[in-house]
2 protein chains.
Amino acid sequence: MKEETRRQEIVRIASVLFKERGYSAVTMRDIANELGIKAASLYNHIKSKQEILHDIIISLAEDFTAGMELIFNANDSNIGKLQRIIELHVHITTNNQYGMASLNNDWMHLEESLDYYLNLRTDYEDNFRNIIKSGIASGEIINVNPEVMLFSILSTLRSLYLWIPKKEDLLQDTLANDLGDVLLKGITL
Amino acid sequence: MKEETRRQEIVRIASVLFKERGYSAVTMRDIANELGIKAASLYNHIKSKQEILHDIIISLAEDFTAGMELIFNANDSNIGKLQRIIELHVHITTNNQYGMASLNNDWMHLEESLDYYLNLRTDYEDNFRNIIKSGIASGEIINVNPEVMLFSILSTLRSLYLWIPKKEDLLQDTLANDLGDVLLKGITL
DNA sequence: CCTCAAAACTAACAATTGTTAGTTAGTTAA
DNA sequence: TTAACTAACTAACAATTGTTAGTTTTGAGG
């Protein structure tokens, strides 16, 4: 484990508060308080509140886009790719449950990096959609509206951050497997 | 159609802004601006900003709890009940896509009514969970961790508000049917 | 012990926040 | 015409916001 810089600590603490209350409802004084220092002292380490949000969201969004790129270009069945996407989400969310809240709910408060974020998200969704469409074309996946499938699976994966912390006992692999069963094979016997 | 009171108009406009930016990032002046009046004038119709949030969230939460109660006590198979829950979400979300954003993301900013809201939500989830467990016991539903199934289905249904406005062409019934297929029967051929 | 940089501090700022008080214009009912 | 009511207004408030300037404390290396 590398040492955590004060800057990283600020971002980490902030992401916890942002998950609880949302970016706009958390003040610099709240963050400073949690660290036992004064708000003004934060500015020795970070440039602005906005920069904290950027740090949290952009690194996560890039992780997803990079992971998706790998899966998309891999030599695998389309169902196999979907299973690997599920694992990607479980993995990233397990390692940063707090940041995932900002990624989902506070992205609209990004300023300079908003367009960049939106592009990353669009790329990600396009790849996801193309995997589903390929799966339908190849007969791996049922012929239902692919938008409904994309939406349904992605909604579940994006909400993982709300749920993983409550089920700490569940192993990452077990969770990814169960989710794969439920999302891909359905729940009907 | 009944006439909309000024108060209802305020709550409706506010819910649109709350969906875009979140409760904390929307000011009384923003809401007033959208109505073409001054912020102070809002107080002729409402008691506080907090009351607007209460209005939006609590009525929706009560709709869900009441709808669930009906379904739970109905004479139907457990899979049938799940399908009716899907229809309940599609129906309520279609009729109030903006309010659903606050229900999902701004409930933590409720003050006096926070406990009441949390109780409604717990009741709802308990009923949902019991339907799934009954379905497993009766052999209608596969024997996978019921928490994973509850989480997966509910996440999708709770995210509908993000997605329904983009697919206005899709009829309520078609959407509920497709969602039922995907969520219950899975997507694998 | 001294130096120097990192990281804390105090004090203050201009802007914005939700809300109140008091007033005014427009509509309805007597 | 008058009286009452509704819903807008202006002006202001105290508190809180993100941030800056300038200063002091701390701790490691020479």
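In what follows, every chain begins at residue 1, and chains take the letters A, B, ... in the order their sequences are listed.
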Checklist entry - Does NZ or CZ of A/Lys49 lie under 6.0 Å from the centre of the six-membered ring of A/Tyr23, at an angle within 45° of the ring axis? => result yes
Checklist entry - Is there a chain of hydrophobic side chains (I, L, V, M, F, W, Y, each step under 4.5 Å between heavy atoms) that links A/Leu171 to A/Leu160? => result no
Next on the checklist: Could you check whether any side-chain N or O of B/Gln50 sits under 3.5 Å from a backbone N or O of B/His109, counting only pairs where one atom can act as donor and the other as acceptor?
Outcome noted: yes
Item to check | Side-chain H-bond candidate by donor/acceptor type, B/Glu62 with B/Tyr117, under 3.5 Å | outcome: no
Item to check | Covered region of DNA chain D, 5' end to 3' end, by chain B [heavy atoms, under 4.0 Å] | outcome: D/dA7 to D/dA12
Checklist entry - Under the side chain to side chain contact (heavy atoms under 4.5 Å, CB included) test, which residues partner A/Thr122, sequence neighbours left out? => result A/Asp126
Checklist entry - Tell me, which of residues 16-28 of chain A have any heavy atom that sits under 4.0 Å from an atom in DNA chain C? => result none
Next on the checklist: Between B/Ser41 and B/Asn44, is there a side-chain donor-acceptor contact under 3.5 Å, judged purely by atom types and distance?
Outcome noted: no
Item to check | A/His89/A/Phe64 aromatic ring centres below 6.0 Å | outcome: yes
Checklist outcome for this item: The bend of the helix from C/dC1-D/dG30 to C/dA30-D/dT1, taken between the axes of its five terminal pairs at each end and rounded to 10°, is 10°
Atom pairs, protein N/O to nucleotides 6-8 of chain C N/O, distance under 3.5 Å:
| residue | atom | partner | partner atom | Å |
| --- | --- | --- | --- | --- |
| C/dA8 | OP1 | A/Arg6 | NE | 2.9 |
| C/dA8 | OP1 | A/Arg6 | NH2 | 3.0 |
| C/dA8 | OP2 | A/His45 | NE2 | 2.5 |
| C/dA8 | N7 | A/Asn44 | ND2 | 2.4 |

Item to check | Distance (rounded to the nearest 0.5 Å) between A/Leu53 CG and A/Ser15 OG | outcome: 10.5 Å
Next on the checklist: At a heavy-atom distance below 4.0 Å, what parts of residues 101-114 of chain A sit against DNA chain D?
Outcome noted: none
Next on the checklist: Just verifying a value: how many Å separate B/Ser159 OG and A/Leu154 CG, rounded to the nearest 0.5 Å?
Outcome noted: 9.0 Å
Checklist entry - Which residue pairs pass the ring pair (Phe, Tyr, Trp, His ring centres under 6.0 Å) test with at least one member in residues 133-173 of chain B, sequence neighbours excluded? => result A/Phe151-B/Trp163, A/Trp163-B/Phe151
All N/O donor-acceptor pairs, side-chain side in residues 71-79 of chain B, below 3.5 Å, sequence neighbours left out:
| residue | atom | partner | partner atom | Å |
| --- | --- | --- | --- | --- |
| B/Asn73 | ND2 | B/Glu69 | O | 3.0 |
| B/Ser77 | OG | B/Gly80 | N | 2.9 |
| B/Asn78 | ND2 | B/Glu140 | OE2 | 2.8 |

Next on the checklist: Suppose clustering is done on Ile, Leu, Val, Met, Phe, Trp and Tyr with side-chain heavy atoms closer than 4.5 Å. Which residues sit in the same group as B/Tyr98?
Outcome noted: B/Val16
Item to check | B/Thr156/A/Thr156 under side chain to side chain donor-acceptor pair (under 3.5 Å): CA gap, chis, key distance, verdict | outcome: CA-CA 5 Å; B/Thr156 295; A/Thr156 296; 3.1 Å; yes
Item to check | By side chain to side chain contact (heavy atoms under 4.5 Å, CB included) - contacts of B/Leu35 (at least two apart) | outcome: B/Arg6, B/Glu9, B/Ile10, B/Ile13, B/Ile31, B/Ile37, B/Leu42
Checklist entry - In residues 49-58 of chain A, what residues come within less than 4.0 Å of DNA chain C, judged by heavy atoms? => result none
Next on the checklist: With no hydrogens and no angle check, just 3.5 Å: does a side-chain donor-acceptor pair link B/Thr27 and B/Asp30?
Outcome noted: yes
Checklist entry - So with a 6.0 Å cut-off around NZ of B/Lys167, is the heavy-atom count from everything else above 12? => result yes
Item to check | Partners meeting salt bridge (Lys or Arg N to Asp or Glu O under 4.0 Å) with B/Asp181 (sequence neighbours left out) | outcome: B/Lys185
